[in-house]
Each structure stands twice: as structure tokens, then as C-alpha cells.
Amino acid sequence: MTVIEPLTDIDLPLADRRDGKVRISYALGGDRAGQRLFVTTDRLSAFDRIIAGVPYKGQVLNQLSAWWFEQTADIVDNHIVDIPDPHVTIARSATPLPVEVVVRGHITGVTDTALWTAYARGERTIYGHDLPDGLAKNDPLPQPIVTPTTKGEAGTHDTPITCADVAASGLVEPGLWDRVQAAALSVFTRGVDRGRASGLILADTKYEFGLADDGTLLLIDEVHTPDSSRWWVAATYAARVSAGEEPESLDKEVVRRALADVDFRGDGDVPDLPPEVWSATTARYVDAYERLTGATFAYADYPAAPRIARAVSTLE
Ligand SMILES: Nc1ncnc2c1ncn2[C@@H]1O[C@H](COP(=O)(O)OP(=O)(O)O)[C@@H](O)[C@H]1O
Ligand SMILES: [Mg+2]
């Protein structure tokens with residue numbers, strides 16, 4: 001059996017390297033001034049920690065985002081310029097707005113900023129939205145809502161803020177913020193509709209927007225991937241929820257559960273998990289890609305780093 005070495009890091013001969021939890025980006029120059037090159041690695045984060053590399057995960061995120069950017073280009077401009085390699089996007093460089101634009105169609109979650117956490121405490125006005133009584137965990141909301149969070153500095157947690165306060169605090173200029181919310185809700189609706197046609201439920205998601213040099217509002221980062229979104233399997237949703245179980249989810253659930261089983265909640269050394277956890281996680285990401293796009297996933301050649309370096313060296 002060949003062991004596939006996941007892409008967890010790369011060192012490219014380019015300027016202005018920036019590291020996120022999952023993506024490594026560089027500035028491009030020459031004819032490509034004003035563009036950045038993003039490598040989506042195979043890193044998987046949970047509890048704000050990098051847990052492991054999962055082969056092909058970066059490729060799925062990169063190619064699935066590219067597909068969604070194309071599917072939503074009629075709604076809002078986006079940062080995509082080119083996909084020169086399965087793990088790489090060349091994008092218009094943008095100044096990210098300082099809020100993460102979370103849109104929720106269902107009430108769920110377990111973290112401090114989750115809607116369900118506040119609702120279960122008895123709150124009925126959450127992120128400035130009035131919610132009806134009688135919702136159960138994982139139920140659909142009367143309509144999708146925007147629940148922004150301010151972007152914390154690296155290592156800190158995001159802080160909830162109401163839509164009114166985003167504008168009132170000057171974080172985003174009010175007219176621009178109106179456009180961002182409208183774009184986010186339309187892109188979300190597109191996601192819900194396309195997902196439904198693929199047998200999937202888009203429960204919630206997170207968007208990032210930015211401003212290009214010329215002031216154009218751009219949808220940036222990633223769209224409707226299993227990292228940024230909760231995708232549930234529609235066929236089993238009703239039965240599972242009415243049995244008091246969690247919906248079947250196409251994301252890092254397998255890893256989160258394996259970590260919870262060994263009592264890891266984000267502190268201390270990251271435990272080793274059995275190999276089946278990683279193969280099952282690759283399979284879920286690939287499954288999400290294939291269901292949503294309707295295309296067969298074309299596994300890229302590994303090792304990925306030398307392949308990417310070659311693609312980058314031949315960029316025009
Ligand atoms: N077009 C763009 N221009 C500038 N920055 C971008 C663009 N698209 C995404 N980004 C930023 O690049 C980073 C992507 O790396 P990622 O690993 O997803 O970061 P994070 O750990 O914050 O999730 C994020 O900080 C995101 O805001
Ligand atoms: Mg990110």
C-alpha cells in the first residue's frame with residue numbers, strides 16, 4: 001500500500017508569505033501585480049488547532065470553491081483569476097472586511113457563538129434577530145439570517161456582533177454593509193438550491209468579503225466548502241433529527257468525534273488518531289465535492305509540493 005503524504009506545508013520562491021490555518025498565500029508581481037497565489041494545504045483544523053494533514057482535502061477545498069465562485073458569479077464579483085494547479089488559486093488581492101459573514105438557515109451548533117447555544121439558554125433575540133419559540137436543535141429557521149462575527153486576532157475567538165452594530169461601529173460603511181448582506185443572502189440561497197438538487201442541506205456557512213484596489217466588492221477566500229459550511233445529508237435528516245440524533249454531516253465530524261472520544265477539547269498535545277479516521281475524512285470531502293458538482297473527483301498526483309512548485313515556475 002502506498003502511503004500518500006499529505007500537503008501540510010510548502011515553500012515557494014515568492015514574496016510576502018502569509019499563513020492561515022489552512023492556506024498559504026504569496027504576493028505575485030510583474031504582470032500579476034495585484035494578485036495573490038493561494039495554496040490550499042491538506043491541513044485540517046479543529047478547536048482552532050491544526051490536527052493533521054488529510055490527503056486531497058486541499059484539492060477538494062480549492063476545486064469546490066472554484067466551482068462555487070463560478071456558480072455565484074452572476075450574484076457578486078469574486079477574487080478568482082486562475083486555477084493553475086489542483087491545490088492552487090490565483091486571486092485578486094483584496095483588503096478583507098473585518099467581519100466574517102455567517103449565514104444560517106438552521107439553528108444548530110455547540111460553541112459559544114452558535115445560535116443553538118444562545119437559544120437553548122432561553123434567548124430569543126440573538127445577533128439582533130427575533131426568533132420564534134418552539135424551535136428544536138437543527139430545525140430550519142423561518143428564513144436565513146446573517147450573524148456576523150468580528151475577526152479575532154490569530155489565536156483568539158471570533159466575537160458575535162449584530163448587523164446593526166457592524167454599521168454603527170464603523171467596521172463596515174453602512175451602504176457597503178447593506179450590499180454585503182444582500183450578496184451573502186443571495187449566495188446562500190444559491191447554495192441551498194444547488195445543494196437541495198444534490199440531496200444536501202446547507203445548514204450554515206461563513207463568507208469573507210474584501211475590497212479590491214479599485215473599490216470593487218469581492219467575495220473572497222472559500223465558498224460552501226465543508227470547512228466553511230455545515231452540509232447535511234438530506235435523505236437521513238428528518239429521521240435522525242426526530243430520533244434525537246445529530247444530522248449526518250459532510251465535514252470534519254469524524255475527526256471531531258474521534259477527538260472527543262479521547263477527551264481532546266483543544267488543549268495540550270494533539271492525540272494520534274487511527275488511520276481509518278483520515279481515510280474516512282478524505283472520503284467525506286471527496287463525497288461532498290462529487291455530490292455538489294456532479295463531477296467525478298480527479299485525484300491529483302502526489303507528492304503535491306513538487307507538483308505545485310512546477311506549476312508555479314511555469315506561470316505566465
Ligand atoms: N483575495 C484575497 N485577498 C487577500 N486576502 C485573502 C483573499 N482571500 C482570502 N484571504 C485571506 O487569506 C487567508 C486564508 O487562509 P486561511 O487558512 O483560510 O485563514 P484562516 O486561518 O483565517 O481561516 C484568510 O486570512 C483570508 O482572509
Ligand atoms: Mg479560512
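All residue numbers in this chain count up from 1 along the given sequence. Remember, it's 1-based here, ligands and their atoms both numbered in the order they're listed.
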Item to check | Side chain, backbone, both or neither: H79 near ligand 1, heavy atoms under 4.0 Å | outcome: side chain
Checklist entry - With backbone taken as N, CA, C and O and side chain as the heavy atoms from C-beta onward, which portion of E222 lies under 4.0 Å from ligand 1: side chain, backbone, both, or neither? => result neither
For ligand 1, find out whether one of its N or O atoms is nearer than 3.5 Å to an N or O atom of [X].
X	result
F38	no
K21	yes
D221	yes
P96	no

Ion pair check, [X] and [Y], cut-off under 4.0 Å:
X	Y	result
R36	D82	no
D227	K57	yes
D193	R196	yes

Next on the checklist: Protein heavy atoms near atom 25 (O) of ligand 1, is at least one of them under 4.0 angstrom away?
Outcome noted: no
Next on the checklist: Would you say the ring centers of H224 and W67 fall short of 6.0 Å from each other?
Outcome noted: no
Checklist entry - Is it true that Y56 and H87 have ring centroids separated by less than 6.0 Å? => result no
Checklist entry - In terms of the angle between their ring planes, are H79 and F38 parallel, tilted or perpendicular, with boundaries placed at 30° and 60°? => result tilted
Checklist entry - What protein heavy atom sits nearest atom 3 (N) of ligand 1, and how far off is it? => result A94 N, 3.0 Å
Checklist entry - Can you tell me the protein heavy atom closest to atom 19 (O) of ligand 1 and the distance? => result G20 CA, 3.6 Å
Item to check | Atoms of ligand 1, numbered as shown, that sit under 4.0 Å from any heavy atom of R92 | outcome: 1 (N), 2 (C), 3 (N)
Checklist outcome for this item: Taking only non-hydrogen atoms of V22 and a 4.0 Å limit, the atoms of ligand 1 in range are 17 (O)
Checklist entry - Taking atom CG of D214 as the centre, does the number of heavy atoms from other residues, nucleotides or ligands within less than 6.0 Å exceed 12? => result yes
Checklist outcome for this item: To atom 17 (O) of ligand 1, the nearest of E208, R36, R18, R23 on a heavy-atom basis is R23
Checklist outcome for this item: Scanning both residues in full, the closest heavy-atom pair of Y26 with L12 reads OH-N, 3.0 Å
